[in-house]
There are 2 protein chains.
Amino acid sequence: MTSLTDKVFAALMSDISDGRLRPGMRLPTENGLMQRFSVSRSVIREAISRMQAERTLETRHGVGSFVLAPPARAVMLDSPPQTTLVDAFAILEFRTEIECAAAAFAALRHTNAHRRQMADALDQFEQALCNGSTDVVAHDIAFHSAIAAASGNRYFLDVLQQMGRGVSPRSQLAAREIAALDRVALLRDVLREHRLIEQAIVRRDADDARAAMRMHLAHSRERLRIAAGLAQGV
Amino acid sequence: MTSLTDKVFAALMSDISDGRLRPGMRLPTENGLMQRFSVSRSVIREAISRMQAERTLETRHGVGSFVLAPPARAVMLDSPPQTTLVDAFAILEFRTEIECAAAAFAALRHTNAHRRQMADALDQFEQALCNGSTDVVAHDIAFHSAIAAASGNRYFLDVLQQMGRGVSPRSQLAAREIAALDRVALLRDVLREHRLIEQAIVRRDADDARAAMRMHLAHSRERLRIAAGLAQGV
DNA sequence: GCTAATTTGTTCGTATGTATT
DNA sequence: GAATACATACGAACAAATTAG
């Protein structure tokens, strides 16, 4: 169900993510957008107000609507391509620390319910692969979330989920640029690493769980590096 | 400057807080509200959508708008004594993980500017103690923040600051309940531990920095445990 | 199961007020 | 002051979901 509002919203968002509209730039006037999309002003204003709610735009009365810098990310750099990449590595580095700790705690504290959550996520991951699908991002996230939940300390899960948006560009990047590689083989590696982590946790071996998670995320970093290299034509 | 939308919004909100509209109840239809307030449908819909954004209402297509139950903020603020305490330990556990990692990275990556930030925080901490003040929370936070900043990965600082609210109850609790103990002696211990961390970082010894931070936070946990024990009369 | 009535969702067009340049 | 651009409000029409008969 894509309403006109949805379409305008999506078009403007992709203008921003493609760099046609960059932080600080002013959008066309509402009148201009009405003509560009051949819709009424209500549609434009609804789309704009959605983007305001997402902190993507800021509208100044009598002046116009301006693209905001992505909230926390504005602090360091501005050039979009590099920032995203640098950020992706920073996020991965940070995630490595909290997820390794979470895995260790999960090994010590998980319940049967947590065990089932992890198993379900892995089964669905595998099922998708067997069906030839490479769309396993959701199952990947589910597995990592299950571990964070099993840590018995809700802050691990909270923070991991808060970083959800920051993590997705990585997936998008990888998904888009790894096309040249054998995605299925790559995802099978991921699944294998997940199984190792799960086994260590189920065995209640905290050190092994931590190590398996660290290995998994180190490999992820390499996969990201390769994908980034491809994206930059290296 | 109260727009019509503001008035309708305020009226409906007070209907709810006064109990005229209770959770689960259906609002009058948009037509009904138009007549009651003598405004157009756009005004009604704008007010309703504001309440949706606040999670006060839920609207079902073809049915109506319903008052939602307040979202059980039980997690953080409700039952203060036990929940807060459990939470305080969970926060400390989580902080231990990210701050140890941050300290290790800081040892490897800090610049002169970071070194100065840490030194300033420690000097001010010490100065305050010498002056007989025990209000050093700000300097404590400044030191930990400086390390997170020196990690070269802004997510450590971001998350630490996001947990600021969660951290403060600990300080409050400690500050309130440790009155019986010799606070100055206790804070001198904290300062000594801070110095050890700083020295390891300056010496660029990542392992020592990590260990010193872990020791510091483990001691903090003990200090918290003692304070909690006092609070509960144990 | 179908139809009709009710209710919200979406879109349009227009008019007036207000802030900025 | 004049022009531009957003803010607020009105009225109307049709689409889509739900419910009652």
Side-chain angles (χ1 to χ4, degrees), chain A residues 1-17 20-71 74, chain B residues 1-17 19-71:
Chain A
M1 201 231 6
T2 53
S3 62
L4 291 182
T5 299
D6 289 332
K7 284 174 191 162
V8 172
F9 175 81
L12 291 177
M13 288 300 274
S14 73
D15 276 357
I16 290 173
S17 61
R20 279 190 295 274
L21 284 172
R22 278 173 303 182
M25 286 177 67
R26 210 197 72 179
L27 263 70
T29 68
E30 296 184 351
N31 243 307
L33 292 172
M34 285 165 64
Q35 291 173 20
R36 168 174 162 195
F37 293 107
S38 303
V39 296
S40 78
R41 189 142 174 241
S42 346
V43 176
I44 300 295
R45 287 184 58 77
E46 174 62 22
I48 286 180
S49 88
R50 244 189 251 177
M51 294 172 81
Q52 287 169 346
E54 286 197 5
R55 303 291 174 92
T56 309
L57 285 185
E58 179 192 46
T59 298
R60 293 207 284 274
H61 195 159
V63 185
S65 292
F66 297 82
V67 181
L68 288 176
Chain B
M1 210 245 340
T2 52
S3 62
L4 291 181
T5 299
D6 289 333
K7 286 174 190 161
V8 172
F9 175 82
L12 291 177
M13 288 300 274
S14 74
D15 276 358
I16 291 173
S17 60
R20 280 190 294 274
L21 284 172
R22 278 171 304 182
M25 287 177 68
R26 209 197 71 177
L27 263 67
T29 68
E30 297 184 352
N31 241 306
L33 292 173
M34 285 166 65
Q35 290 173 21
R36 167 175 162 195
F37 293 106
S38 303
V39 295
S40 76
R41 197 169 161 214
S42 346
V43 175
I44 301 294
R45 288 183 61 76
E46 174 62 24
I48 285 179
S49 89
R50 244 188 250 177
M51 295 172 81
Q52 288 169 345
E54 286 197 6
R55 305 290 177 91
T56 309
L57 286 185
E58 179 191 48
T59 298
R60 293 208 286 273
H61 193 161
V63 184
S65 292
F66 297 83
V67 181
L68 287 176

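The basis for the numbers below is simple: all heavy atoms, side chains too, and nothing from hydrogens, waters or symmetry mates.
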- prompt: Excluding sequence neighbours, so at least two apart, what forms side-chain contact (heavy atoms from CB on, under 4.5 Å) with A:E46?
  reply: A:T5, A:S49, A:R50
field: side-chain contact (heavy atoms from CB on, under 4.5 Å) involving B:M25 - partner list, sequence neighbours excluded
entry: B:L21, B:R22
query: Are B:L33 and B:L12 close enough, and set up right, to give a side-chain contact (heavy atoms from CB on, under 4.5 Å), and what steps lead you there?
result: CA-CA 10 Å; B:L33 292 173; B:L12 291 177; 4.2 Å; yes
message: Checking B:Q52 now: which residues fulfil side-chain hydrogen bond (donor to acceptor under 3.5 Å, both in side chains) with it, not counting sequence neighbours?
response: B:T59
task: Measure the CE-CG distance between B:M51 and B:L27 for me, rounded to the nearest 0.5 Å.
output: 6.5 Å
message: Expressed as a whole number of angstroms, how long is the span from B:D6:CG to D:dA7:P?
response: 14 Å
- request: Rounded to the nearest angstrom, tell me the gap between atom CZ in B:R26 and atom P in D:dT18.
  value: 14 Å
- request: Would you mind reading off the distance between A:L33 atom CG and C:dC12 atom P, rounded to a whole angstrom?
  value: 13 Å
- request: Return the value, rounded to whole Å, for the distance between atom CD of B:E58 and atom C1' of C:dT7.
  value: 15 Å
- prompt: In chain order, what residues pass the side-chain contact (heavy atoms from CB on, under 4.5 Å) check against B:E58, with sequence neighbours excluded?
  reply: B:R60, B:L68
message: Please confirm whether the shortest side-chain N or O distance from B:S3 to OP1 or OP2 of D:dA7 is below 4.0 Å.
response: no
query: How close or far is atom P of C:dG17 from atom CG of B:L4, stated in whole angstroms?
result: 13 Å
task: Would you please confirm or rule out a distance under 4.0 Å between OP1 or OP2 of C:dG9 and any side-chain N or O of B:R45?
output: yes
Name the pairs: protein N/O against N/O of nucleotides 11-16 of chain D, kept only if under 3.5 Å.
residue : atom : partner : partner atom : Å
D:dA13  : N6   : B:R41   : NH1          : 3.4
D:dA16  : N3   : B:H61   : NE2          : 3.2

- line: A correct dot-bracket answer for DNA chain D, with pairs being Watson-Crick or G-U at under 3.5 Å, [ ] for crossing pairs and | for inter-strand pairs, is .||||||||||||||||||||
message: Holding to side-chain hydrogen bond (donor to acceptor under 3.5 Å, both in side chains), I want the full list of residues that pass it with A:S40, two or more places apart in sequence or in another chain.
response: A:S42
field: All side-chain contact (heavy atoms from CB on, under 4.5 Å) counterparts of B:N31, not counting sequence neighbours
entry: B:T29, B:M34, B:Q35
- prompt: Within the structure, does a side-chain N or O atom of A:T29 lie under 4.0 Å from either OP1 or OP2 of D:dT4?
  reply: no
- prompt: Taking atom P of D:dC6 as reference, at what distance in whole Å does atom CD of A:E46 sit?
  reply: 17 Å
task: Using atom CZ of B:R60 as one end and atom C1' of C:dT6 as the other, report the distance to the nearest whole Å.
output: 15 Å
message: Please pick, from C:dT8, D:dA7, D:dA9, the nucleotide with the shortest atom-to-atom distance to any side-chain atom of B:V43.
response: D:dA9
- line: By side-chain hydrogen bond (donor to acceptor under 3.5 Å, both in side chains), B:R26 pairs with (sequence neighbours left out) none
task: Send over the distance from B:F37 CZ to D:dA9 C1', rounded to a whole Å.
output: 16 Å
